Amino acid sequence: MSITRDDVKKVALLSRLQFSEDQLDQMTDQMGAILQYVQQLSEINTDDVQPMSHALDISNHLVDDLPEESFPRETMLSNSPNSDGECYKVPAVLGDG
Amino acid sequence: MSLLEQSATELLTLLNHKKISSVEVTTAYLDQIQRYDDQVGAFLRVDRQQAIAQAETIDQKRAAGKEIGLLGGLPVAVKDILCTTGETTTCASKMLENFNPPYDATVIKNLRAADAVILGKTNLDEFAMGGSTENSAYQLTRNPWDLECAPGGSSGGAAACVAASMAPLSIGTDTGGSIRQPAGLCGVTGMKPTYGRISRYGLIAFASSLDQVGPLGRSAEDIALLTEAISSHDPKDSTSVDHPTVRYSQSVKQPLENLRIGIVDEHFGPGLDSEVQSAVEDAIKTYESLGAKVKRISMPHSKYAIAAYYIISSCEASSNLARYDGAHYGYRTDEKQMREELQQEQAELTKADDQVGLKNLDSPLVRMYRKTRSEGFGPEVKRRIMLGTYALSAGYYDAYYLKALKVRRLIREDYDRAFEEVDLIASPVSATTAFKLGEKVNDPLAMYLVDLYTVGANLSGICGISIPCGFSNQNLPIGLQLQAPPFEEERLLRAAHMYQTATDWHQRRAMLSNEPK
């Protein structure tokens, strides 16, 4: 399974990243080398093996749904790159804004 | 003996007996930072006044006879990946250059409650991704033992500052070896606790099933104290376990009888530097002289650990770093410029009557995300996000991510089987001593292989420690790694202390000078 430049372009869009033509070439090579390295995992028979996504045997750790103090608005806006004092301002999510 | 030469434990005794003040200790370390950190680059930020003010508060508390926390006025440096209110936390990234967390990480809360003085924030590989600290967006950190060499990573600053006597204790994080490897390369003691032992609340996430916060210091005795101070069950971290805190500082000096130490066949082979092998073998002989029995064991899936790790950690990172989009906090690209560029592109596509191109043109929002992230993240971070996104995408998920999770279980089972026969696994922490700065930056895969001995512990969730066990002919430190079953940090610390009473590698200091070279 080798990765093409086109694949890399598609993945860049999914990752919300963008690359220059040179960077795309470099990324294609580097990703190709890494993917080649990880191919070795296909040597192992894992037919009867359960995937392990967590080190601990805890699951569905629940907490009571009790409301607590939240942060004040100004605190939440204080790191914002662009706000109007009430909301975060971003380019339009819908439409052409 | 100067304050810089005393261990954290010795300093604490002096502090508790009021022989010295926290202001004196803190000042001694701040002065050392001032003298040498322009050469080492361990710290991203030190606020001298703030640190002294913290120390003064603790001295006043002590003078007033109030109860003092476990760390009693000791200065501690913190890797700049834990949220600290009132100051920035950058993760050594441009993305978070001016980010002021609105809350303290639980570990920071625990440090403050224990009356530690937070000395400053240390340098790291950006978002903890790297093995040399060269991926920091801000500065290089140099190995105090040889300034042309890397300190290791990603907790390079945390390891270097202890090695350079700029802090008696420091806090790092370990996702694939990022405490243990730099500890080994810098000649200090560092431990990755069991997953879930220490709260991750306020730890800026890289790979959530692998990340752990841990201590670095000059000795097992010193880091036992720090581990005790920062361990807690935290309801805010659903992966934090509800075990009672162990009094590590009380038990660390008790030796272990009848230790069974495992040496893994697969750990000793081509690629392992002969001086490292020699030092590790000597260390194992030292354990035998202390009454331990050594057994050879096999962990057949060891060689697949790096591949599994890089898939799993990149996949988790691609998800965790999706939040950096310039919307709510952190860096945002110049919107005006972005819109101008888009308009330009639109005009060109229209002129060329490229309907497909026009249809696929980024919306302003998407372009904002793409430019923000491309400008805010460094190359290694982008590489891992790309890898992770690819491995999780439709058509590849089973072959890569799911496969890696299955191999992870096999690796864990290797450990479980090993620990039925032995109490500890001993190995090198790194195949080589510190490499030269710049040596591996152009070869991402070569850089990934520096984690060979350490990723297994993160994948399986167990605990591991790195302790100094010798020096190369170039006077570069060599580290011994010990690994123990889940929640056996006490065993690790006691075994490490045993070694440190029989040897003095951990007492050697890197000497820096201001003499012109």
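Given the structure is predicted, the values throughout are model-derived calculations rather than measurements. Residue numbers start from 1 in every chain, and the chains themselves are labelled A, B, ... in the order their sequence lines are given, proteins ahead of strands. Values below: all heavy atoms of this structure, side chains included; hydrogens, waters and symmetry mates excluded.
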Between A/S78 and chain B, with a heavy-atom cut-off of 4.5 Å, which part of the residue counts as in contact: side chain, backbone, both or neither?
neither
Among A/M52, A/H54, A/H61, A/E43, who wins on heavy-atom pairs under 4.5 Å with chain B?
A/M52
If one checks every heavy atom of B/A404 against chain A at 4.5 Å, the contacting part turns out to be both
Given that the side chain runs from C-beta out, which part of B/S363 has a heavy atom under 4.5 Å from chain A: side chain, backbone, both or neither?
neither
Under a plain distance cut-off of 3.5 Å, with no hydrogens placed, do B/Q212 and B/T175 share a side-chain donor-acceptor pair?
no
Here the ring pair (Phe, Tyr, Trp, His ring centres under 6.0 Å) pairs for residues 62-81 of chain A, sequence neighbours left out, are none
Quick one, B/T88 with B/E97, criterion side-chain hydrogen bond (donor to acceptor under 3.5 Å, both in side chains). Give me CA distance, side-chain angles, the key distance, then yes/no.
CA-CA 8 Å; B/T88 50; B/E97 188 166 13; over 6 Å; no
Hey, what's the ring geometry for B/Y310 with B/Y448, parallel, tilted or perpendicular (30° and 60° as the breaks)?
parallel
Pairwise distance OH(B/Y331) to NZ(B/K94) - rounded to 0.5 angstrom:
10.0 Å
Side chains of B/N458 and B/Y195 only: does a donor on one sit below 3.5 Å from an acceptor on the other?
no
Check whether B/M368 gets within reach of chain A through its side chain, its backbone, both or neither, counting any heavy atom under 4.5 Å.
side chain
Residue part contacting chain A, namely of B/L387, when any heavy atom lies under 4.5 Å:
both
Check each atom of B/D362 against the heavy atoms of chain A and say whether the ones under 4.5 Å are side chain, backbone, both or neither.
side chain
Classify the ring geometry of B/F487 against B/H243: parallel below 30°, tilted from 30° to 60°, perpendicular beyond 60°.
tilted
Contacting region of B/T239 [heavy-atom separation from chain A under 4.5 Å]
both
What pair of heavy atoms forms the shortest contact from A/R73 to A/G85, and how long is it?
CD-O, 3.7 Å
In terms of heavy-atom proximity below 4.5 Å to chain B, should A/L77 be classed as side chain, backbone, both, or neither?
neither
Atom group of B/L342 that falls short of 4.5 Å from chain A, counting heavy atoms
neither
So which residue, B/K371, B/K382, B/E413, B/E375, ends up with the most heavy-atom pairs under 4.5 Å with chain A?
B/K382
Quick one: which of B/G196, B/S238, B/S208, B/S393 has the most heavy-atom pairs under 4.5 Å with chain A, could you say?
B/S238
Will you find, in the side chains of A/D6 and A/T4, an N or O donor that is under 3.5 Å from an N or O acceptor?
no
Check each atom of A/K89 against the heavy atoms of chain B and say whether the ones under 4.5 Å are side chain, backbone, both or neither.
backbone
Between B/K236 and B/Y201, is NZ or CZ placed under 6.0 angstrom from the six-membered ring centre and within 45° of the ring axis?
yes
Residue B/R412 versus chain A: region with a heavy atom under 4.5 Å
side chain
The complete set of side chain to side chain donor-acceptor pair (under 3.5 Å) pairs with one or both residues in residues 26-35 of chain A, sequence neighbours excluded, reads A/Q30-B/R383
Region of B/P102 in contact with chain A, defined by heavy-atom distances below 4.5 Å
both
Under 4.5 Å, counting heavy-atom pairs only, tell me which of B/I462, B/N98, B/D443, B/I306 racks up the most with chain A.
B/I306
Looking at A/V8, A/L13, A/T75, which has the largest count of heavy-atom pairs under 4.5 Å with chain B?
A/L13
Atom group of B/I385 that falls short of 4.5 Å from chain A, counting heavy atoms
both
Under a 4.5 Å cutoff for heavy-atom pairs, which residue among B/M386, B/R408, B/E316 has the most contacts with chain A?
B/M386
The interface call for B/L459 against chain A, heavy-atom contacts under 4.5 Å, is backbone
